[in-house]
Undergrad: 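Mind looking over this structure? Questions follow.
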Amino acid sequence: MEVPVGGTAIVILLALILVALVVLIAVLLRRRSAPARPAPTPPRDPFAAEDQAAGDPRTLKAGDMVEYLGTRYFVRGSLRLREGGFTWSEHLLDADTAEGGKVWVSVEEDPDLEVVWWTEYDIGDLTPGERTIVVEGVEYRRDEHGTADYTSEGTTGVGVQGRVEYVDYEGPRGKYLSFEQYGGGPWEAGLGERVPTGSMTIYPGSGG
């Protein structure tokens with residue numbers, strides 16, 4: 001039996017359509033089964049603020065709570081300081097334990113974020129006149145000296161605004177010694193230690 005010429009063309013066309021459908025299905029199945037490639041991770045700063053355990057120290061304010069080395073502290077007040085175009089903050093913290101005392105935390109970017117934990121130090125007759133000072137067996141070298149304008153928030157023990165002269169000394173392994181003189185008053189001093197990244201947790205207050 002002979003197949004008409006027109007019928008042969010139809011058969012060939014149907015065969016081509018069938019082959020095209022098979023190829024299309026195979027391509028779709030391969031795409032579906034192939035694992036999705038993860039999006040490339042953009043470059044990032046390893047010392048960025050989001051690497052802190054919780055919260056951004058740059059946002060600290062009165063009413064917040066800070067947990068550090070197993071003790072919780074309440075932020076009583078903050079000093080916002082400015083010298084030229086450079087700004088930084090100092091926060092007064094009060095421990096929630098009977099034996100806990102008051103400490104200060106300074107937060108600045110120069111250019112990296114640096115958080116320093118400060119405790120008051122009785123300087124006696126010590127003054128910030130020498131280039132090198134030894135305190136409790138640690139040698140500190142004079143680093144910076146300047147005068148800044150400040151505004152006070154909450155409870156800080158100083159006026160609402162004014163000027164402070166400071167002299168900063170730097171020691172080994174993230175240790176610091178700082179002298180401050182508010183409004184021409186007596187020199188006050190504090191010993192500081194850099195807070196390791198990720199070791200401080202911040203709980204925003206009700207106003208956060």
Side-chain angles (χ1 to χ4, degrees), residues 47 49 52-69 71-96 100-123 126-128 133 135 140 142-171 174-197 199-208:
F47 297 101
Q52 297 289 332
D56 186 348
R58 293 170 297 186
T59 65
L60 272 175
K61 62 187 182 306
D64 290 349
M65 187 166 63
V66 172
E67 184 173 353
Y68 182 59
L69 299 180
T71 302
R72 290 187 175 183
Y73 301 81
F74 293 98
V75 181
R76 300 284 307 280
S78 304
L79 294 176
R80 311 294 181 181
L81 301 107
R82 176 182 295 275
E83 183 179 13
F86 183 63
T87 62
W88 70 99
S89 299
E90 297 178 2
H91 309 277
L92 175 62
L93 275 58
D94 199 348
D96 66 348
K102 294 181 176 61
V103 297
W104 287 84
V105 171
S106 63
V107 181
E108 61 179 287
E109 291 181 283
D110 188 25
D112 296 326
L113 179 64
E114 183 178 78
V115 182
V116 179
W117 194 265
W118 298 92
T119 55
E120 295 181 358
Y121 179 73
D122 185 2
I123 60 176
L126 191 64
T127 59
I133 296 179
V135 176
Y140 298 88
R142 189 165 173 169
D143 181 47
E144 290 182 316
H145 178 206
T147 303
D149 297 311
Y150 71 82
T151 57
S152 176
E153 305 168 358
T155 300
T156 61
V158 298
V160 176
Q161 60 184 14
R163 304 200 78 189
V164 56
E165 183 179 1
Y166 66 89
V167 184
D168 291 339
Y169 289 76
E170 186 171 351
K175 294 182 180 294
Y176 301 93
L177 168 66
S178 181
F179 293 83
E180 293 181 331
Q181 187 181 54
Y182 289 88
W187 284 105
E188 302 174 5
L191 295 176
E193 291 190 5
R194 185 181 298 121
V195 175
T197 302
S199 62
M200 188 172 72
T201 304
I202 300 170
Y203 301 92
S206 57

Undergrad: When rounded to the nearest 0.5 angstrom, what distance separates CD in E188 from CD in Q181?
TA: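 If I round to the nearest 0.5 Å, the distance is 9.5 Å.
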Undergrad: Any side-chain heavy atom of T201 sitting closer than 4.5 Å to one from Y203?
TA: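 Contact flag for T201/Y203 side chains = yes.
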Undergrad: Return the CG to CG distance between L177 and D168, rounded to the nearest 0.5 Å.
TA: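 One finds 8.5 Å between CG of L177 and CG of D168.
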Undergrad: Which label fits Y182 and Y150: parallel for a plane angle under 30°, tilted from 30 to 60°, or perpendicular past 60°?
TA: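 Judged by the thresholds at 30° and 60°, the geometry between Y182 and Y150 is perpendicular.
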Undergrad: I need the minimum non-hydrogen distance between H145 and Y166, along with the two atoms involved.
TA: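 It is CD2-O, 3.0 Å.
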Undergrad: If only atom types and distance count, is the side chain of D64 paired as donor or acceptor with the main-chain N or O of G205 below 3.5 Å?
TA: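 Here the side-chain-to-backbone pair exists.
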Undergrad: If you draw a 6.0 Å radius around CD in Q161, do more than 12 non-hydrogen atoms from other residues or ligands fall strictly inside?
TA: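 No, not enclosed.
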Undergrad: Nearest 0.5 Å please: distance from the CG atom of L69 over to the CH2 atom of W117.
TA: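 Output value for this atom pair is 7.5 Å.
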Undergrad: Going through the checks in order, is the side chain to side chain contact (heavy atoms under 4.5 Å, CB included) test met by H91 and Y73?
TA: CA-CA 11 Å; H91 309 277; Y73 301 81; over 6 Å; no
Undergrad: Rounded to the nearest 0.5 Å, what separates atom CZ in R142 from atom OH in Y169?
TA: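 Reported to 0.5 Å precision, the distance equals 5.0 Å.
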Undergrad: Flag the pair L79 / V164 as yes when at least one side-chain heavy-atom distance between them is below 4.5 Å, and no otherwise.
TA: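 No, side chains not in contact.
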Undergrad: First locate atom OH of Y140, then atom CG of L191, and finally report the distance between them rounded to the nearest 0.5 Å.
TA: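 Here the interatomic distance stands at 5.0 Å.
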Undergrad: For the pair T156 and W104, evaluate side chain to side chain contact (heavy atoms under 4.5 Å, CB included) and give the outcome as yes or no after the intermediate values.
TA: CA-CA 10 Å; T156 61; W104 287 84; 4.2 Å; yes
Undergrad: Do you know which two heavy atoms are closest between L93 and V75, and how far apart they sit?
TA: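 Heavy atoms of L93 and V75 come nearest at CD1-CG2, 4.1 Å.
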Undergrad: Do the non-hydrogen side-chain atoms of E90 and E180 ever get within less than 4.5 Å of each other?
TA: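 Result yes, sub-4.5 Å side-chain heavy-atom pair found.
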Undergrad: Under the side chain to side chain contact (heavy atoms under 4.5 Å, CB included) criterion, do V105 and V115 qualify, and how do the steps go?
TA: CA-CA 7 Å; V105 171; V115 182; 3.6 Å; yes
Undergrad: Can you see which heavy atom on G77 is nearest to which on A62, and at what distance?
TA: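 That closest heavy-atom pairing would be CA-CB, 4.1 Å.
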Undergrad: Can you list everything that forms a side chain to side chain contact (heavy atoms under 4.5 Å, CB included) with T87? Sequence neighbours excluded, please.
TA: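 So T87 forms a side chain to side chain contact (heavy atoms under 4.5 Å, CB included) with R82.
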Undergrad: Can you tell me how far apart CH2 (W88) and CG (D110) are? Round to the nearest 0.5 Å.
TA: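 Answer for the CH2-CG pair, W88 versus D110, is 10.0 Å.
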Undergrad: Mind running side chain to side chain contact (heavy atoms under 4.5 Å, CB included) on I123 and F179 for me, showing each step along the way?
TA: CA-CA 9 Å; I123 60 176; F179 293 83; 4.0 Å; yes
Undergrad: Check this for me: does any side-chain nitrogen of one of K61 and E153 sit under 4.0 Å from a carboxylate oxygen of the other?
TA: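 No, no charged N to carboxylate O under 4.0 Å.
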Undergrad: Any chance the side chains of S106 and W118 put a donor and an acceptor closer than 3.5 Å?
TA: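 Side-chain D/A pair, S106 to W118: present.
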